[in-house]
Amino acid sequence: MTPSWLDEFPARIEALDRAHLRRQRRVITPAGGARLNVNGHSLLAFCSNDYLGLAQHPQLVQAACEAAQIYGIGSGASPMVSGHSAANAALEHELAAFVGLPQALYFYAGFATNASIIPALVGAGDAVFSDALNHACLIDGARLSRAQIHRYAHADLDALGRELAQSTAARKLVMTDAVFSMDGDSADIPGLLALCERYDALLLLDDAHGFGVLGPQGRGSLAAAGLHGPRASRRVLYMATLGKAAGVAGAFVAGDAALVEWLLQKTRSYTFATAAPALLASALRASLRLIEQDDWRRAHLQRLIARLRSGLAAGLQGSHWRLSDSATAIQPLQIGRNDEALAVMEGLRLRGIWVPAIRPPTVPEGTARLRIALSAAHSEADIDLLVDALSALARSPFNPDNLSTSLGNAPCPAS
Ligand SMILES: *Cc1c(COP(=O)(O)O)cnc(C)c1O
């Protein structure tokens, strides 16, 4: 019998195991505040992108329940057929108004949105310019488009400018995370927009981690940069996801009316996918009202960020761990080695705290880190627990030989 590739999977999984790269899921149930129940243990979690603490909010739950009474659960069809509910239509109007752009289009999932809007915008003979640290779905969308891909060094606008100047492509698309998901730093949006204006490029901004959190009333990174009105709507295609700060699921794009109409016509994951259920759109409408009203959530989050940063600046003195230079709710603690990052994660878990270790290929080799995600659902006391635990762990030297053999079975995932 000739060997078949279908028999290779067990060995391929074992290779992931040996390289400490096999990822585990854990089964969780919410346990109040930022706590999660994992295998019967309550853990204080710093893993969620629910930055405003809205995912469990009673007003969202009530809106979803009421919508289920009216619409049922499933939408039944693509929005292009009969799936475009009154709730989904109203949500699109409210999203466009909220971010100050002419038109919005609401999608079921963020990953599929970026993976499919890019091929609707550019194709063979066109060019995409992509920050080296962009999210996977932007990268996949660019590959699917068959446009030529120019990857520029992270946040290096001089390099981007040189690439744009040299390009002879008919259509140029610059794409970037507005807040980088594994580093927490923000793109220079005014600088990017100026380059796009100079070289007749469209700027696709993925604001998955800024929407709801940054800018006045949480209107997002574009508003935070003071960019709105005709200048922004002419050159920016704004995209944000709705499963993070908004606490629900899905995504939307917003921009110039003809551009968004083109995406409605040509985005395959929009046309050939069942519409998002009206109960999600209804929960999102409730979420949007809270995002707009509840300035205290953002103010509280800012206080927590400052408390964590000053606490760790003191607690980690003398350690080689380095807190990234981030002003957002994403506060990565750079550890370096994969096994040391896993050991710190395990040390925290033994103290009842869950912070995910992020390893290559999600981040560059040698930059394994703990991705601390803060939320308005945390209290100041929660932050102090984390600071104290990390300060204690930083004082106990890492020994790779002591790496717990139970790591793989610990009730914490590593990404
Ligand atoms: C999470 C994320 C997405 C994907 O959104 P989903 O709605 O979770 O599919 C896209 N872009 C960025 C930058 C993200 O962090």
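Numbering of ligands and ligand atoms starts at 1, following listing order. Being a predicted model, the structure only gives us computed values, none of them experimental.
- Close approach to His209 involves these atoms of ligand 1, each under 4.0 Å from a residue heavy atom: 14 (C), 15 (O).
- Distance check: Leu333 CG to Arg371 CZ gives 13.5 Å after rounding to the nearest 0.5 Å.
- Residue-ligand proximity, Cys137 to ligand 1, at heavy-atom distances under 4.0 Å covers atoms 10 (C), 11 (N).
- Contact atoms of ligand 1 toward Gly250: 7 (O) (distance under 4.0 Å to a heavy atom of the residue).
- Glu92 pairs by the salt bridge (Lys or Arg N to Asp or Glu O under 4.0 Å) definition with nothing, not counting sequence neighbours.
- Here Tyr270 and Phe107 bring their ring centres to under 6.0 angstrom of each other.
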**OP:** Apply side chain to side chain donor-acceptor pair (under 3.5 Å) to Thr328 and Ser326, showing your working.
**Re:** CA-CA 6 Å; Thr328 67; Ser326 160; 3.2 Å; yes
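- Residue-to-ligand polar distances keep Met239 apart from ligand 1: every N/O pair is separated by 3.5 Å or more.
- Assignment of Lys244 to the shell around ligand 1 is supported, since a heavy atom sits closer than 4.0 Å.
- Under a 4.0 Å heavy-atom criterion, Ala136 is not in contact with ligand 1.
- Gly243 does not count as a contact of ligand 1, since none of its heavy atoms falls under 4.0 Å from the ligand.
- Residue, atom and distance of the protein heavy atom nearest to atom 13 (C) of ligand 1 are Asp206 OD2, 3.2 Å.
- Given atom 6 (P) of ligand 1, the protein heavy atom at minimum distance is Gly110 N, 3.5 Å.
- More than 12 heavy-atom neighbours from other residues, nucleotides or ligands sit within 6.0 angstrom of CZ on Arg351.
- Using bins of under 30°, 30° to 60° and over 60° for the plane-to-plane angle, the ring pair Phe211/Phe98 lands in the perpendicular bin.
- Near Asp177, meaning under 4.0 Å from one of its heavy atoms, ligand 1 places the atoms 13 (C).
- For an aromatic pair to be called close, the ring centres must be under 6.0 Å apart, and Phe180 with His209 fails this.
- Of all protein heavy atoms, the one lying nearest to atom 4 (C) of ligand 1 is Phe111 N, 3.5 Å.
- In this structure, a donor-acceptor pair under 3.5 Å is absent between the side chains of Ser391 and Asp388.
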